2 protein chains.
Amino acid sequence: MEDDLMTIRQMCDAFDVTPRTLRFYEAKELIFPRRNGQKRLYDRRDRGRLKLILRGKRFGFALEEMRQLLNLYDRGDAQEEQLTRTYEAARERLAQMERQRDELNEAIEELREQLEQGAEMMTAFRRPAA
Amino acid sequence: MEDDLMTIRQMCDAFDVTPRTLRFYEAKELIFPRRNGQKRLYDRRDRGRLKLILRGKRFGFALEEMRQLLNLYDRGDAQEEQLTRTYEAARERLAQMERQRDELNEAIEELREQLEQGAEMMTAFRRPAA
DNA sequence: CGTCGAGCTTACGTTAACGTAAAGCACTCT
DNA sequence: AGAGTGCTTTACGTTAACGTAAGCTCGACG
């Protein structure tokens, strides 16, 4: 048994992405599938990277950020500095997300207040039931 | 006293936007300043609309959405239906924002967990103090 | 008279992450 | 042979909300 390779379609089904997406990530040098003739074949490593990429996206990382983080690991020497950098990138992102959440909460509160005032206006404008 | 008009620069200073932004909003038919020769002059109504626009932006409304909402009011007949539509648009947006906040919170939690695991890895990799 | 500053118009540039043709190869089935 | 399927490459299109640059006008000021 080789390395348990998958075609592009199998990948799409497995990860719920389009072929375009996989080719795009490849063009952006985030994954490096091998070829059989001209067809792409994805191995376990490719799947691992893709999984990390998709997870990163959920966290709001841009693709370019993910590329850099992945490349840090890929030097074979996942030494302290690399790990530290990744860790710090993640902590920074976490802080960003928390700020974003706080702003969102403020906006929600503000809008909620507006709506309450609006509700009063509504009843004021409402004509007596027919 | 007329209607207490302002130049584009005064508007920019007052609302902390660029001239480009005001001209852009005008091109998109969100505000309609009058002209003195070729210079724009903004009256109280323009300022009111701009204020609503910027508030809407904070709430995450797109400009096109704001245009539609503003136009509802502008028919002179701010009747029940118009108010209702605006009210519902706002409530919908509020729901969206809450969903967005919830997703963000999930992502934050997930990332936090990852980071805790990562912290363990870090200490494992750390070599004894020099 | 020259030019300076403010404002104007027109119009292309930016950014991210793909979507969407268009056209061609490689196999397989019938 | 023809048709169909799956994959490929190349390359332009999309979206929002402006940024930015070029070139013109107009009134004021020294």
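The chains referred to below are lettered A, B, ... by the order of the sequence lines, with proteins before strands, and numbering in each begins at 1. The model shown is predicted, which means the values in this text are computed figures rather than measured ones.
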Q | Minimum heavy-atom distance between B/Leu30 and B/Leu63, given as atom pair plus value | A |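 Minimum heavy-atom separation between B/Leu30 and B/Leu63: CD2-O, 3.6 Å.
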(Q) Is a donor from one side chain sitting under 3.5 angstrom from an acceptor on the other, for B/Gln68 and B/Glu64? (A)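 Result is yes, a qualifying pair exists.
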Q. Does a donor on one side chain sit under 3.5 Å from an acceptor on the other, for B/Gln96 and B/Arg93?
A.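 Checked: B/Gln96/B/Arg93 side chains pair up, N/O donor to acceptor below 3.5 Å.
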Electrostatic pair [X]-[Y], nearest N-O below 4.0 angstrom:
X	Y	answer
A/Glu109	A/Arg112	yes
A/Glu110	B/Arg58	yes
B/Arg40	B/Glu26	yes
B/Asp4	B/Arg44	no

Rounded to whole Å, please give me the gap between [atom1] in [X] and [atom2] in [N].
X	N	atom1	atom2	result
B/Arg35	C/dG7	CZ	C1'	10 Å
A/Phe24	C/dC18	CZ	P	6 Å
A/Met66	C/dA16	CE	P	16 Å
A/Leu22	D/dC7	CG	C1'	13 Å
B/Glu65	D/dA17	CD	C1'	14 Å
B/Met11	C/dG7	CE	C1'	15 Å
B/Asn36	D/dC26	CG	P	13 Å
A/Gln38	C/dC27	CD	P	9 Å

Can you tell me if the side-chain N/O atoms of [X] get under 4.0 Å from OP1 or OP2 in [N]?
X	N	answer
B/Lys39	C/dT9	no
A/Thr21	C/dA17	no
A/Arg40	D/dC7	no
A/Thr18	C/dC18	no
B/Tyr25	D/dA17	no

Q) Do side-chain atoms of A/Asp43 reach the backbone of A/Asp46 as a donor and acceptor pair under 3.5 angstrom? A)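 Checking the backbone N and O of A/Asp46 against the side chain of A/Asp43, a donor-acceptor pair under 3.5 Å is found.
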(Q) Using only atom types and a distance under 3.5 Å, with no angle test, would you say the side chain of B/Gln10 pairs donor to acceptor with the backbone of B/Thr7? (A)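 A pair under 3.5 Å: yes.
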Q.
If you assign A/Arg9 and B/Lys28 each to the DNA chain D nucleotide with the nearest heavy atom, which residue ends up on the more 5' nucleotide?
A.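 Nearest nucleotide further toward 5': that of A/Arg9.
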Q.
Looking at A/Arg47, I'd like to know if its CZ atom is crowded, meaning that more than 12 non-hydrogen atoms belonging to other residues, nucleotides or ligands lie closer than 6.0 Å.
A.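 Yes, CZ of A/Arg47 has more than 12 neighbouring heavy atoms, counting only those of other groups under 6.0 Å.
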Q. Which parts of residues 90-105 of chain B get close to DNA chain D, meaning a heavy atom less than 4.0 angstrom away?
A.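 Hits under 4.0 Å, by residue number: none.
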Q | A/Ile8, nearest nucleotide to its side chain (from D/dC7, C/dC18, D/dC18) | A |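 Per side-chain heavy atoms of A/Ile8, the pick is D/dC7.
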Identify each atom pair where a protein N or O and an N or O of nucleotides 20-22 of chain C are less than 3.5 Å apart, giving names and distance.
from: C/dT20; atom 1: O4; to: A/Arg20; atom 2: NE; distance (Å): 3.1

Q: Scan B/Arg23 against the nucleic acid and name what it touches under 4.0 Å (heavy atoms): base, sugar-phosphate only, or nothing.
A: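 It contacts base atoms.
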